[in-house]
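Fair warning: this is a prediction, and the values are worked out from it, not measured in the lab.
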Amino acid sequence: DFLMAANLLRFYAVPLFISIPFALSGCIFNAYAKVKVPSFVSFGMAIFNVGCCLIFGYLFSWKLYGIAFSAFLSTTISTIFYPWYCCHVAKISLKRYWTESIIKPLMLLSLVSGLTFFVFKITHLSFELNPVVFTGFTLSAFIYYALAYGLLLTLDEKRHIGDIRQAIMG
């Protein structure tokens, strides 16, 4: 049933978008050799997920929706814990980490996406995938990345990206 799969997608997609910016946490855990606590939390979240699957999927009779909701809950809880522990280990401000990794990029993304959809609306473009729509979304992505590079990255980060580009290009 495609409609059911489409409805389930939101439960699986939202935690993914929330957790992507915090993927850096795993690198910090490894770099500081602090993997025991995150491993225990991951194991605990797996047990929590199975328990919630049984409760929501079987006892509440939500079936696949209950399983998807369980995954949503366990991923969201993990996503809240890992940045906190990452900041604790690295001794950096949680507020700064959230601001730099989520709030600023999300605000910029909202602005660029909103303007893109506004332009699509005033030009009466349909959202069917065709070359014009694909080009519009691709252009929007390039604008976002250019603005993010110019507005969100520090001079040291830009220099580091330049060094990586030089190493790749030879």
Group every Ile, Leu, Val, Met, Phe, Trp and Tyr by side-chain heavy-atom contacts under 4.5 Å, then state whether L109 and L151 land in the same group.
-> yes

In this structure, CD1 of I168 is separated from CG of D163 (nearest 0.5 Å) by 11.0 Å

Shortest non-hydrogen contact between V89 and K34, atoms and distance | CG1-CG, 3.7 Å

For the atom pair OG (S70) and CG (L64), what is the distance rounded to the nearest 0.5 Å?
-> 11.0 Å

At what distance, to the nearest 0.5 angstrom, does CG of L139 lie from CZ of F134?
-> 11.5 Å

Contacts satisfying side-chain hydrogen bond (donor to acceptor under 3.5 Å, both in side chains) that involve residues 42-57 (not counting sequence neighbours) are S42-Y82

Under 6.0 Å from the NZ atom of K63, do we count more than 12 heavy atoms belonging to anything else shown?
-> no

Could you pull out the closest heavy-atom pair between T123 and V119, with the gap in Å?
-> OG1-O, 2.7 Å

Given N7 and M4, is the side-chain contact (heavy atoms from CB on, under 4.5 Å) satisfied, shown in steps?
-> CA-CA 5 Å; N7 286 330; M4 183 169 63; 5.6 Å; no

In one Ile/Leu/Val/Met/Phe/Trp/Tyr side-chain cluster, 4.5 Å: F29, Y32 = yes

Transitively linked via ILVMFWY side-chain contacts under 4.5 Å: I143 with L152?
-> yes

Scanning both residues in full, the closest heavy-atom pair of P83 with Y97 reads CB-CE2, 3.6 Å

Hphob cluster co-occupancy, I55 + L73, side-chain heavy atoms under 4.5 angstrom = yes

K158 and L153: which non-hydrogen atoms are nearest, and at how many Å?
-> CE-O, 3.5 Å

From M45 CE over to T75 OG1, what is the distance, rounded to the nearest 0.5 angstrom?
-> 9.5 Å

Mind listing the closest non-hydrogen atom pair of P105 and T99 along with its distance?
-> CD-O, 4.1 Å

4.5 Å side-chain heavy-atom contact, Y85 and S25 | no

Might you point out which heavy atoms bring A71 and Y12 nearest each other, and give the distance in Å?
-> CB-CE2, 3.8 Å

Nearest 0.5 Å please: distance from the OG atom of S101 over to the CG atom of L106.
-> 10.5 Å

Establish whether I102 and F81 are linked, either directly or via other cluster members, by ILVMFWY side-chain heavy-atom contacts under 4.5 Å.
-> yes

Could you walk me through whether V35 and N30 pass side-chain contact (heavy atoms from CB on, under 4.5 Å), step by step?
-> CA-CA 6 Å; V35 295; N30 289 328; 3.2 Å; yes

Out of curiosity, W98 CH2 to W84 CH2, how far, rounded to the nearest 0.5 Å?
-> 14.5 Å

Mind jotting down which residue pairs meet the ring pair (Phe, Tyr, Trp, His ring centres under 6.0 Å) criterion with at least one end in residues 33-57? Sequence neighbours excluded, please.
-> F56-F60, F56-W62, F56-F69

Sequence neighbours left out, what pairs pass side-chain hydrogen bond (donor to acceptor under 3.5 Å, both in side chains) with at least one residue falling in residues 129-151?
-> T116-S140

